[in-house]
There are 2 protein chains.
Amino acid sequence: MRRNTAQRQTVHRAVALLDHPSAEAVYRQVKEMDPQIGLATVYRNINILAEEGQIQRLIVPGQAERYDADARDHYHYLCDTCGRIYDVKMPYRPELNEEFAPGVGQNIRTHTILFQGVCKECRQKEDEDGSDSTL
Amino acid sequence: MRRNTAQRQTVHRAVALLDHPSAEAVYRQVKEMDPQIGLATVYRNINILAEEGQIQRLIVPGQAERYDADARDHYHYLCDTCGRIYDVKMPYRPELNEEFAPGVGQNIRTHTILFQGVCKECRQKEDEDGSDSTL
DNA sequence: ATGACTGCAAAGGGTTTGCATTGAA
DNA sequence: TTCAATGCAAACCCTTTGCAGTCAT
């Protein structure tokens, strides 16, 4: 029987409070809410919450795993420059699963899409840096 | 100036020979072709080949990175049970990039799709195990 | 002769695990 | 009372790095 401890609730709230945080970021947030809490507890609870489908685990190239308090299926965008993750408004397309399943006779439970590029904010910074460049 | 060493060629051939191998698997294969080679050399060359676009790096949940000698854009399917990665025949859809870009004003360089489920082979094994179950 | 590359071993980042203890049911 | 959960430290896995030596150009 699972125990729904104060720590677990705190971890869940911390994930919801932050924007696609890493475990480390969750830990920092959680520490402010409950300085007693340990890193292992954060990891353990993140894993339990993900397993229960209450949060979503995102894996991104070259970085620690990130978490998303919005557990509904949706797509993500990763900025190649700042590493930030954005939610993509494009609606989830369950039909993509059927579209490829028949051919291979495979069973598809889900799919994820990760878009990548340089986000608006980073491109603006680049522009500024460009015009400011008075070598 | 890059040197295109024997080791680099061996690593490239090993990746091509195997089916979405991990670095560890590449290392084992490479060892058979050239027992002298070191693990760090495999990692360094994998990174160089990926950087040059000659192979593709795949990241999958809960596993080491995998590599694909087919560097062309295509989608992948990960079996939740055996962890094997399959190429998906569904053609790449560059239009997905435009489809979401206008709304957010984001710049999209590329996207990846990872399908997940239990592969045909694993489902057959499950069936066999099921019918054999004579508790 | 140069400097990119190598092999080795050690270090690094991120995550999990063992253990004695605590606390929710 | 019980056993899931905690906090801590150590262990773990995967990957990168420092270094002295090597080899292609």
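Protein chains get the first letters and strands the later ones, always in sequence-line order, with residue 1 at the start of each.
Rounded to whole Å, atom C1' of C:dG13 lies 16 Å from atom OH of A:Tyr27. Here the P atom of nucleotide C:dC5 and the CD atom of B:Glu51 are 10 Å apart, to the nearest Å. For the pair B:Ile59 CD1 and C:dG14 P, the interatomic distance rounds to 14 Å; values are reported in whole Å. With rounding to whole Å, A:Gln63 atom CD is found 17 Å from D:dT16 atom C1'. Regarding B:Leu58, its CG atom lies at a distance of 12 Å from the P atom of D:dT15, rounded to whole Å. Atom CZ in B:Arg66 sits roughly 11 Å away from atom P in D:dT15 (whole-Å rounding). Taking atom CD1 on A:Ile48 and atom P on C:dT17, their separation rounds to 12 Å, with Å as the unit. Rounded to an integer number of Å, the gap from CD of A:Gln9 to P of C:dA24 is 11 Å.
The residue among A:Val42 and B:Tyr43 whose nearest nucleotide of DNA chain D is located toward the 5' end is A:Val42. Both B:Arg8 and B:Leu39 lie close to DNA chain C; mapped to their nearest nucleotides by heavy-atom distance, the more 5′-ward contact belongs to B:Arg8. If B:Ile37 and B:Met1 are placed on DNA chain C by their nearest nucleotide, the residue sitting closer to the 5' end is B:Met1.
Nearest heavy-atom pair across B:Tyr27 and B:Val42 is CD1-CG2, 3.8 Å. A:Ile46 and A:Ile55 make their closest contact through O-CD1, 3.7 Å (heavy atoms, listed as atom of the first residue, atom of the second, distance).
Residue B:Thr5 is in sugar-phosphate contact alone, with no base atom involved, counting any heavy-atom pair closer than 4.0 Å across all strands shown. Using a 4.0 Å heavy-atom distance criterion, B:Ala40 is classed as a base contact. Backbone-only engagement by B:Glu65 is indicated by non-hydrogen atom pairs under 4.0 Å involving sugar-phosphate atoms exclusively. Looking at heavy-atom distances under 4.0 Å, A:Gln36 makes contact with sugar-phosphate atoms alone, never a base. As judged by a 4.0 angstrom heavy-atom cut-off over every strand, A:Asn47 is placed among residues touching the sugar-phosphate backbone only.
The residues B:Arg2 and B:Glu51 are annotated as salt-bridged, a charged nitrogen and a carboxylate oxygen being separated by less than 4.0 angstrom.
The side chain of A:Asn45 contributes an N or O atom lying less than 4.0 Å from OP1 or OP2 of D:dT6. Between B:Gln7 and the phosphate of D:dC23, there is no side-chain N or O to OP1/OP2 separation shorter than 4.0 Å. Neither OP1 nor OP2 of C:dT16 sits under 4.0 Å from any side-chain N or O of A:Arg44.
Judged by distance alone, the side chains of A:Thr112 and A:Tyr92 never bring a donor and an acceptor atom under 3.5 Å apart.
Of the candidates B:His74, B:Arg57, B:Gln56, B:His74 is the only one forming a side-chain hydrogen bond (donor to acceptor under 3.5 Å, both in side chains) with B:Asp68.
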